[in-house]
Each structure stands twice: as structure tokens, then as C-alpha cells.
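One structure is given here, and the rest of the page talks about it.
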Amino acid sequence: MSKVIECVPNFSEGRDPQIIKALVKAVKKVPGVTILDYDPGKSTNRTVLTFIGDPMAVVEGALALCAQALNLIDMSKHSGEHPRIGAVDVVPFIPVVNATMEDCIDCANNFGRRASEKLGIPIYLYGDAAKADYRRLLPQIRQGDYEALESRITQDEWKPDFGPAQFLPHYGATCTGARFFLIPYNINILSTKEHAHRIALDLREAGRGPGTEGLLPQVQGIGWYVNEYNMAQVSLNLRNFNVTGLHGSYEACKRVAAELNIAVAGSEIVGVVPLQALLEAAHYYMAQENLMICDERQKVRLAIERLGLNSVSRFDPDARVVEYILAKQGKEALAGMTVRSFVEEVASRSPAPGGGSVSALVAGLGSGLGAMMGWLSYGKRQFEPIDAQMRAALPKLHETTQRMIRMIDADTESFNRFMAAGKIADPEEKKRQQTLALKEAAETPLRTMEQAHECWDAMDLVAEHGNINSLSDAHIGARCLELGIWGAFKNVEINLKELAQDPSEQEWVAAIRARANAVLAQAHERRVKVDRICDGRNQ
């Protein structure tokens, strides 16, 4: 899967369903955008819209929203309980799949520049995209709300990062920035609201105030009682699940609750969640219980069960996990083909799918053959002496195979994005987007190389200890793995060729080329090693 970024704009209309629908429809019409949810609030007079797509698509979606809001929302008549300074008040970009914070900062700057040029609206950068610490937080920029913007926007320290330093009464201004994926996560306790809040104060990063920091970094929290559940909840916002994840929060809550002799009864995730957050929880419980689970869906099920995510309502992964939502909407068009259809598509007059997708497929067949040998050497009494070796090898071989399947489409998607960038009318934006697309087109086969390379140790294990009747599969698997890496390398090379002509990209090109060369240099040696192991067993 290629880069996926989430955008969660908040716009200042939560009461008029016709305006809300028109604004959502404007985003939905943008190619490459998938709407996940929109949640209007009458008291706040504000709607939270959530959509995802590749970097170019989410920026276009945000621009479409602002253009429509400029026509439909009049801030001079707006009132609501939530702080705000504009018709589209805030536009955060959030990395979800294969995207970095730097990608999202670039999206925020691209959106801000284009929104100011195309629509003439003031744009402030906040969060990780902020240019100054004193305007990093939204409350700093929003101080005094829309009503104070007229006097503040002309002050030197509060001039917008993009667009006119003048007050637009009907629109106001927009804040845009980058942040990590926020997971609203509620843990059920069989006690009172007061107990829930007491636990929340122990857990949240801010603790009970200065000098009393809580147990969990990057976590906000309060306690409340939910009448329809007949339970209290410790309500947490996980601001960066890479720092404090679902399992860390749940287990910490259980420990604090146990000290108070209070029962924990499962939990709930509000909204959608990245697959990685659930997999990290699964890996934690697998390590704690000495389990070997390779299948991704089984890992997700383990996380759901251990976290008690079905406790208040059914947690349906297909409707709640970002990657599974995308998969349902045909985002793996090539990997979902029959073998015949894929080969015929490669053999057609279309330039994609090409060598990059084929290389990912070949590497996946290589790791797949290694996984097959592992499974044929596991789970029966006769193979108990090599159980430890197969448990060590199978997860990596299975993971690599699944990754290569995803890379089949990712390579073609990156090529298609480069072609789409060529159709942009504005010369400066066209050049910028083509450069970004070329970089992604080089990074994608590099990921194929590096991810395929990670499974060589596992290939050695199955070749040395696996079912001797499958040695030919290990030979062929190693050859496929080497060929897939070599083919991906050729794609890295061809996509670096044009970028290498740009003096400003020399350092980046050199770094990518060094990583690719390092993997390629080892591929042949590692394949020969597998052959040598297999030949030794044959003799």
C-alpha cells in the first residue's frame, strides 16, 4: 500500500444539514479521497470531517472543502460553544500508512500556499508544521476566537503564514498543521465516575498538575459515567500510539484499578484505528503468553479479545481499521486479480503494471515458498525437535509475503501518481508534485528491496531445519527472492535518473542509492548461502 494520510478538518457549521451535506459532497467528489466519517454538533455548531487518501488527494480534498465553505458559511453570523477562527477552522494532516510526519508537514505547507493563492484566505501553521513555538498550539492562535481575529491578524506576531494579513468577516482564517494519529480510547470500569477520574489522573501525562506527572506519556484523560453502558469509563486520548499504545494504556489502567480493588471490564475505540496500533497490541500479548501467530487477521482478533473491544458494542475490523476500509474499496486492484488476468495485464500495451510490480510479486513468491516449507515442517509430532526454529522463521516469512503482496499495487500506484502530476496546469505546482511523485516512485521499490531482504535469516532456518522433501522449494524461493530484489533495484535506478539531474536533490539521491546498493550487494551472497545449505543436506 502506498502512502495514506488522514485529514480531519473541522468546519464551522453543525446545524444546517443541507450546508453540511454540500461541504462533505465537495470533498467526496475529489478523486482518490475516501470519506470515513463526519460528525456534526449542534451545540458547538461545528462538524468534524474525516477522510483519507494519498498526499496529493488529501490536499485537493481540503482545498475543495475551503472553496465550498467560502461560498456557504458566513462567520459574521456564526455562534457556537467551540473555539474557532474560521469557516474551515482547522485542517490537520495525519500519517496513517507508509507516511511520515515530514509528508504531513509538506501537505500542510502545500495546502496553505495553494489555499491562499487560489482562494485568498489567511492560513496559519500549527503543530509540527508551525514556524514559531509561540504559535504551535491551537489555543495560542485562536486566542480571543473569531471575534478577536480582526485586531490580531494585522499584528506582526500574528500575521498568517500564508495569505493576506487582513480580516475577512465572512470567512475568518484557517489553521493547518501536522500531528500524529489520535486514538480516542475508553476503558470500562465497574465503579463510579469519581473512581474513573481518579484513575485517569494517575494515567494521563499531565497527572494531577505540575510536578505530579502521570504514568503514560502522550496521553490525555478524564473519567466519566455512561448511563447506557451502566459503567464508568476512563476516557483517554492516545496522542501518539507509537509512544503509548492501546495495550500499554489498558494494562496500566488494570494495574491502577487493581490497587483500588476495582474491576476493569474491557474497552472501546472511538472511530477508526490504524492497523499497526492493533498489531502492536497483539505482539505485546503474544510475547507475554509465548504465542506464535502469523496470520494478520488472527493477530487482530487476539488484540480485540485481550483488550475487550467487544465489551460495549461489536468491534468490526472491516469497518473500523483504516487499511481494511481501503481494501474493501478496491485499493489492491492488481493483487486481487487472477494469475491469468495479472499476467495478461503485464503483457498489454499499458506501461503499468511493470517491472516494479512484477519484482514485488516475484519476491513474494520467494518468501512464500520459504513459508510453505516452514508450514510443512511445523505442527506435527514428528517436527517437535525443530519447533523452535520454525517458530522463529515462520512469522518473518509470512509477514514478508504479505508485504510483497501489498507492494505489487504500491509500485503501480506511485507510477500513476507521477502521470497524474504531469496533468497539473500550474507549472510550479506541476514540477513540485512530479518531484514528490518521483521520490515516491524510487522509495517504493526500495521498500520492496529492504522488506524482502529482512527474511534471509528465516530462509536460512527453513533451508537448514525444514522438511527435507521441500529442499527444491527453498532453492527456488531463494532465487525468486534474489531476483525480486534485483528487479526492484533496477526500478530504483530508473526513478533516480531524472532526480539526479537536480542539484538540490543530490544528497537525497545519494542516500537512496546507498541504501539500494547495500541491499543488492548482499542479495547474491544470501541466495548462494541458502543453496549451499540445501546442497549440504542433499549430500
Side-chain angles (χ1 to χ4, degrees), residues 279 282-283 286 291-302 332 334-343 357-409 447-488 522-539:
L279 294 181
H283 292 154
M286 287 163 59
L291 305 175
M292 189 195 81
I293 302 173
C294 293
D295 184 81
E296 182 181 278
R297 288 280 183 161
Q298 290 184 359
K299 290 180 182 180
V300 169
R301 180 163 185 172
L302 178 70
E332 289 191 346
L334 297 175
M337 285 181 167
T338 63
V339 173
R340 174 184 291 275
S341 297
F342 180 81
V343 174
S357 293
V358 170
S359 297
L361 172 60
V362 172
L365 291 172
S367 59
L369 283 168
M372 182 188 77
M373 187 178 185
W375 286 118
L376 292 174
S377 313
Y378 174 78
K380 293 183 179 180
R381 187 179 295 274
Q382 70 189 89
F383 297 123
E384 285 184 359
I386 59 170
D387 183 79
Q389 289 86 349
M390 294 306 103
R391 279 175 172 257
L394 275 167
K396 178 53 69 176
L397 291 167
H398 179 88
E399 177 189 14
T400 301
T401 303
Q402 294 302 313
R403 284 177 164 184
M404 292 302 100
I405 291 171
R406 290 191 284 269
M407 295 308 294
I408 294 170
D409 280 277
R447 287 208 310 274
T448 297
M449 293 181 70
E450 292 178 335
Q451 291 173 3
H453 178 73
E454 289 177 5
C455 76
W456 281 117
D457 288 344
M459 289 292 288
D460 291 346
L461 280 173
V462 293
E464 185 172 355
H465 300 283
N467 191 328
I468 199 166
N469 295 318
S470 296
L471 286 177
S472 63
D473 298 306
H475 273 300
I476 298 165
R479 287 275 179 173
C480 286
L481 204 56
E482 180 191 17
L483 178 59
I485 290 171
W486 178 86
Q522 297 179 62
H524 177 72
E525 296 174 8
R526 297 305 300 262
R527 191 269 302 166
V528 170
K529 182 181 178 183
V530 174
D531 284 345
R532 191 163 52 244
I533 292 170
C534 293
D535 291 341
R537 292 185 69 190
N538 268 328
Q539 293 171 5

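Here the structure is a predicted model, which means the values were calculated and not measured.
Side-chain contact between W456 and R527: present, with at least one pair of heavy atoms (C-beta onward) separated by less than 4.5 Å. At least one side-chain heavy atom of E482 sits less than 4.5 Å from a side-chain heavy atom of H524. Between V362 and M404, every side-chain heavy-atom pair lies at or beyond the 4.5 Å cut-off. T448 has its side chain out of reach of R403: every pair of non-hydrogen atoms, C-beta onward, lies at least 4.5 Å apart. For the pair Q402 and I405, the minimum side-chain heavy-atom distance is below 4.5 Å.
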Problem - Derivation of the side-chain contact (heavy atoms from CB on, under 4.5 Å) call for V530 and H475 - result: CA-CA 7 Å; V530 174; H475 273 300; 5.8 Å; no
Handout entry: Criterion side-chain contact (heavy atoms from CB on, under 4.5 Å) on R526 and M459, from CA distance to verdict
Key = CA-CA 9 Å; R526 297 305 300 262; M459 289 292 288; over 6 Å; no
Exercise for the section: Evaluate the criterion side-chain contact (heavy atoms from CB on, under 4.5 Å) for residue pair M292 and Y378; output intermediate values, then yes/no. Expected result: CA-CA 12 Å; M292 189 195 81; Y378 174 78; 3.7 Å; yes
Practice task
In sequence, state the C-alpha distance, the side-chain angles, and the governing distance for L361 and L334, and then conclude on side-chain contact (heavy atoms from CB on, under 4.5 Å).
Solution key: CA-CA 10 Å; L361 172 60; L334 297 175; over 6 Å; no
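Distance check, rounded to the nearest 0.5 Å: CG of D535 to CG of L471 gives 9.0 Å. Atom CD of E464 sits about 7.0 Å away from atom CG of L461, to the nearest 0.5 Å. Taken from CG in L365 to CE in M372, the straight-line distance is 11.5 Å, to the nearest 0.5 Å. Summarising the geometry, atom CG belonging to L302 is positioned 4.5 Å from atom CD1 belonging to I293; distances are rounded to the nearest 0.5 Å. A distance of 4.0 Å separates NZ of K529 from CG of D460, quoted to the nearest 0.5 Å. Here S470 contributes atom OG and L376 contributes atom CG; the two are 4.5 Å apart, rounded to the nearest 0.5 Å.
In this structure, D409 contributes its side chain and A335 its backbone to a donor-acceptor pair below 3.5 Å. Under a 3.5 Å cut-off, the side chain of H283 and the backbone N or O of L279 do form a donor-acceptor pair.
In terms of heavy atoms, M373 sits closest to N467 at CE-O, 3.4 Å. Closest non-hydrogen pair, S367 versus C455, comes out as CB-SG, 4.1 Å. Between D473 and L369, the closest heavy-atom pair is O-CB, 3.7 Å. In plain terms, the two heavy atoms of G364 and T401 that are nearest each other are O-CG2, 3.8 Å. A452 approaches I485 most closely through the heavy-atom pair CB-CG1, 3.9 Å. Here the closest non-hydrogen pair linking L291 and R391 is C-NH1, 4.2 Å.
Applying the 6.0 Å contact sphere to CZ of R301 captures no more than 12 heavy atoms from other residues, nucleotides or ligands. Residue R297 places its CZ atom among more than 12 non-hydrogen atoms of other residues, nucleotides or ligands, all under 6.0 Å distant.
Partner of C294 under the side-chain contact (heavy atoms from CB on, under 4.5 Å) criterion, out of E399, K299, K396, H398: H398 alone.
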